[in-house]
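Quick notes on the structure that follows.
What you are looking at is a predicted structure, and each value in this text was computed from that prediction instead of being measured. Hydrogens, waters and symmetry mates play no part in the numbers below; they use all other heavy atoms, side chains included.
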Amino acid sequence: MSRPLLDPDAASAAAIAARTGFHASTVEEVRAAVAREKLVIVGMAWNPSVKKARNILTEQKLAFTYLEYGNYISGWRQRLAIKLWSGWPTFPQVYVQGRLIGGCSDLQAAIKDGTFQKLLESSHA
């Protein structure tokens with residue numbers, strides 16, 4: 001079941017334009033990395049869950065792309081644009097073969113149950 005979203009007909013043209021343009025270059029940077037790379041972590045400085053997810057992949061000797069947007073004080077608008085694009089409310093956002101698997105605990109669970117390896121071995125989305 002998907003989270004309900006505002007019907008596009010319920011937004012004015014100005015609201016749609018503002019939403020579409022909201023940190024569009026940041027969203028495009030993330031979208032392009034997710035489409036191009038096998039493993040992507042999108043995160044922020046100072047967040048222990050982001051660091052933990054990066055460490056998990058590093059310990060497994062897996063190459064990944066890391067995109068960092070600010071910290072708890074700065075970059076919140078960029079991060080909000082990313083959240084609006086992905087629909088995922090927190091950081092890190094971990095992508096495997098173009099698929100959002102969730103955050104750090106979701107990465108750990110996917111590794112434990114074998115889903116991560118299956119996704120990693122699948123053809124790039």
Side-chain angles (χ1 to χ4, degrees):
M1 175 191 240
S2 293
R3 185 176 125 224
L5 299 174
L6 180 66
D7 186 317
D9 293 333
S12 70
I16 292 169
R19 178 179 60 202
T20 302
F22 186 68
H23 288 274
S25 62
T26 299
V27 171
E28 179 53 27
E29 181 178 39
V30 173
R31 191 205 61 74
V34 167
R36 179 182 65 242
E37 306 295 336
K38 260 187 151 170
L39 288 170
V40 178
I41 295 178
V42 181
M44 58 187 277
W46 307 348
N47 183 313
S49 293
V50 171
K51 185 175 183 178
K52 188 172 184 179
R54 292 173 66 194
N55 286 340
I56 289 168
L57 295 183
T58 299
E59 288 167 5
Q60 300 227 353
K61 298 187 183 346
L62 294 169
F64 61 92
T65 297
Y66 175 59
L67 302 173
E68 182 173 278
Y69 297 96
N71 53 49
Y72 289 106
I73 297 171
S74 69
W76 69 268
R77 287 180 180 92
Q78 288 176 296
R79 291 191 309 276
L80 177 58
I82 296 164
K83 290 175 183 182
L84 290 169
W85 170 75
S86 70
W88 189 256
T90 60
F91 290 97
Q93 294 186 6
V94 181
Y95 296 86
V96 181
Q97 298 284 26
R99 181 180 295 261
L100 173 66
I101 63 168
C104 184
S105 59
D106 303 293
L107 172 61
Q108 290 174 304
I111 289 170
K112 185 176 181 177
D113 71 13
T115 324
F116 177 81
Q117 193 61 37
K118 286 178 187 170
L119 280 172
L120 199 57
E121 293 169 357
S122 69
S123 61
H124 196 226

Crowding at NZ, K52 (>12 non-hydrogen neighbours, <6.0 Å):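 Counting other residues, nucleotides and ligands, NZ of K52 stays at 12 neighbours or fewer.
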
Answer yes or no: is there a side-chain heavy-atom contact under 4.5 Å between [X] and [Y]?
| X | Y | answer |
| --- | --- | --- |
| I82 | W88 | no |
| Y66 | L57 | no |
| D106 | V94 | no |
| T20 | F22 | no |

V34 and L80: same hydrophobic cluster, using ILVMFWY side-chain contacts below 4.5 Å?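 Not linked; separate clusters.
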
Donor-acceptor check, side chain of [X] to backbone of [Y], threshold 3.5 angstrom: yes or no?
| X | Y | value |
| --- | --- | --- |
| Q78 | T26 | no |
| E68 | G43 | no |
| R77 | H23 | no |

Output the distance between atom [atom1] ([X]) and atom [atom2] ([Y]), rounded to the nearest 0.5 Å.
| X | Y | atom1 | atom2 | value |
| --- | --- | --- | --- | --- |
| I111 | Q117 | CD1 | CD | 9.0 Å |
| I101 | T115 | CD1 | OG1 | 8.5 Å |
| Y72 | M44 | OH | CE | 4.5 Å |
| R19 | L84 | CZ | CG | 9.0 Å |
| Q97 | E37 | CD | CD | 10.5 Å |

Which atoms form the tightest heavy-atom contact between [X] and [Y], and what is the distance?
| X | Y | value |
| --- | --- | --- |
| Y69 | E29 | OH-OE1, 2.5 Å |
| L120 | V96 | N-CG1, 3.8 Å |
| A33 | L67 | CB-CD1, 3.8 Å |
| A11 | L6 | CB-CD2, 4.2 Å |
| C104 | I56 | SG-CD1, 4.1 Å |

Option passing side chain to side chain contact (heavy atoms under 4.5 Å, CB included) with Y95 (candidates I41, T65, L100):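 When side chain to side chain contact (heavy atoms under 4.5 Å, CB included) is applied between Y95 and each of I41, T65, L100, only L100 qualifies.
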
Is it true that S86 and Q93 share a donor-acceptor pair across their side chains at a distance under 3.5 Å?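 Yes - a donor-acceptor pair under 3.5 Å links their side chains.
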
Side-chain H-bond candidate by donor/acceptor type, W76 with S74, under 3.5 Å: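 Note: W76 and S74 side chains miss the donor-acceptor criterion.
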
